[in-house]
Visitor: 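Take this structure, written in structure tokens, and hold onto it; I'll ask about it next.
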Amino acid sequence: MELIWSQETTNEPPKQRPTKDIYLGIGSSVELPCTDGVSEGLQWRRNGSLVASGPVLNIHNASLGDKGIYTCHGPNGDTIESFHLHLGYAPSPPEVQCFVPRYPLKALCSWTQTPDPLLPTHYITTYWSDSEEQLPAVHSCQKQRDQDRQCVLQGEDLNPYIAYLVNITAVNALGSATRILSVLLEEMVKPDPPVDVKATALPGKKVQVQWAPPPTWTDPVTFPLKYKVHFYWGNPNLDSTLGPYESESMVWSGLAAGRTYQIRVSAMDFLGHGLSSEWSDPVNITLPKS
């Protein structure tokens, strides 16, 4: 079957221009022109539905409901222009938090943005020593993916006793914003939670609790941890936190026969630097009645 085009002035099919990406801030306005030398009989469609007619489409006080694919069509229905309208915000300075789960060789920094940009945003992440050197060496804070909101300071040369400046710069099509945070690794220590928590009932209404250091804390001999153990039974007013313990087990006596206890463990740097870990996953144990 022969393919016949509706245009009389050429044997070539009409050339559709590539879709243009338009990035617009929420609440802003934009004019989308339909430029093909034709001013009559033009129609605009958003995601295939008719929205307006004329050579220029005006969008005022744009909201998220305005995003989508806009196409301008000539009198014969051919697509003359195509725009992909993206709505969002320019980045705000990231709110950055850092902590050290693997002392002293690894620090994690993560960040949030308010409001969320809603647009593809990539992050420049670097750090350097806050020393008196005029030109300190700048290192990359490693991310797995370009749009990740977490990066890792890691290396044998990290010094827990000196301050570092961490730069997080957010960049998207509407602008950029930077936050520089001064961090001292020694003050940011926050281990991951202990693992392999076990509870065993002992004679005399006692419970023995055992656990292991977090796997990310790779040298608990050189950099020891201390632990707290949380017991909970029944309601928020019935709980008790014991410790700190320097070993990886403890025994609590005087418990109630037949009662179920929920037990969790947290870890902290032995010298008290930084913060306690989050609580471990809970384990439950019910003491026998006899």
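Computed from heavy atoms alone, side chains included, the values below leave out hydrogens, waters and symmetry copies.
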Visitor: Just to verify, what does K20 make a salt bridge (charged side-chain N to carboxylate O under 4.0 Å, His left out) with, not counting sequence neighbours?
Guide: E81
Visitor: Which pairs count as salt bridge (charged side-chain N to carboxylate O under 4.0 Å, His left out) when at least one residue sits in residues 254-279, sequence neighbours excluded?
Guide: K190-E278
Visitor: Using ring-ring contact (aromatic ring centres under 6.0 Å, His included) as the criterion, list what pairs up with W279, not counting sequence neighbours.
Guide: H230
Visitor: C109 vs C151, test: disulfide bond (SG atoms under 2.5 Å apart). Steps then yes/no.
Guide: CA-CA 5 Å; C109 292; C151 68; 5.1 Å; no
Visitor: Sequence neighbours excluded, which residues qualify as side-chain hydrogen bond (donor to acceptor under 3.5 Å, both in side chains) partners of T260?
Guide: T286
Visitor: Residues two or more places apart in sequence or in another chain: which of them pass salt bridge (charged side-chain N to carboxylate O under 4.0 Å, His left out) with D148?
Guide: R145
Visitor: Could you work out, with salt bridge (charged side-chain N to carboxylate O under 4.0 Å, His left out) as the rule, every residue matching E248, not counting sequence neighbours?
Guide: none
Visitor: Would you call the rings of F231 and W252 parallel, tilted or perpendicular, taking 30° and 60° as the class edges?
Guide: tilted
Visitor: If we ignore hydrogens and angles and just use 3.5 Å, is the side chain of Q113 paired with the main-chain N or O of S92 as donor and acceptor?
Guide: yes
Visitor: Could you check whether any side-chain N or O of K143 sits under 3.5 Å from a backbone N or O of Y123, counting only pairs where one atom can act as donor and the other as acceptor?
Guide: yes
Visitor: Mind checking what makes ring-ring contact (aromatic ring centres under 6.0 Å, His included) contact with Y70, not counting sequence neighbours?
Guide: none
Visitor: Starting from L271 and following side-chain heavy-atom contacts under 4.5 Å between hydrophobic residues (I, L, V, M, F, W, Y), which residues can be reached?
Guide: F270
Visitor: Checking one residue: V195. Which other hydrophobic residues are in its cluster under the side-chain 4.5 Å linking rule?
Guide: none
Visitor: Sub-3.5 Å donor-acceptor pair from the side chain of T125 to the main-chain atoms of C141, do we have one?
Guide: yes
Visitor: Counting only pairs under 3.5 Å, give me each side-chain donor-acceptor contact of residues 41-53, with atom names and distances, residues two or more places apart or in other chains.
Guide:
from	atom 1	to	atom 2	distance (Å)
W44	NE1	G54	O	2.9
R46	NH1	G65	O	3.4
R46	NH1	K67	O	3.4
N47	OD1	I69	N	2.9

Visitor: Counting heavy atoms not belonging to D281, are there more than 12 under 6.0 Å from its CG?
Guide: no
Visitor: Could you tabulate the donor-acceptor pairs under 3.5 Å formed by side-chain atoms of residues 167-174, not counting sequence neighbours?
Guide:
from	atom 1	to	atom 2	distance (Å)
N167	OD1	T169	OG1	2.9
N167	ND2	T126	OG1	3.1
T169	OG1	T178	OG1	2.8
N172	OD1	L174	N	2.8
N172	OD1	G175	N	3.3
N172	ND2	Y89	O	3.0
N172	ND2	T121	OG1	3.4

Visitor: Mind checking side-chain hydrogen bond (donor to acceptor under 3.5 Å, both in side chains) for N284 and listing every partner two or more places apart, or none if nothing turns up?
Guide: none
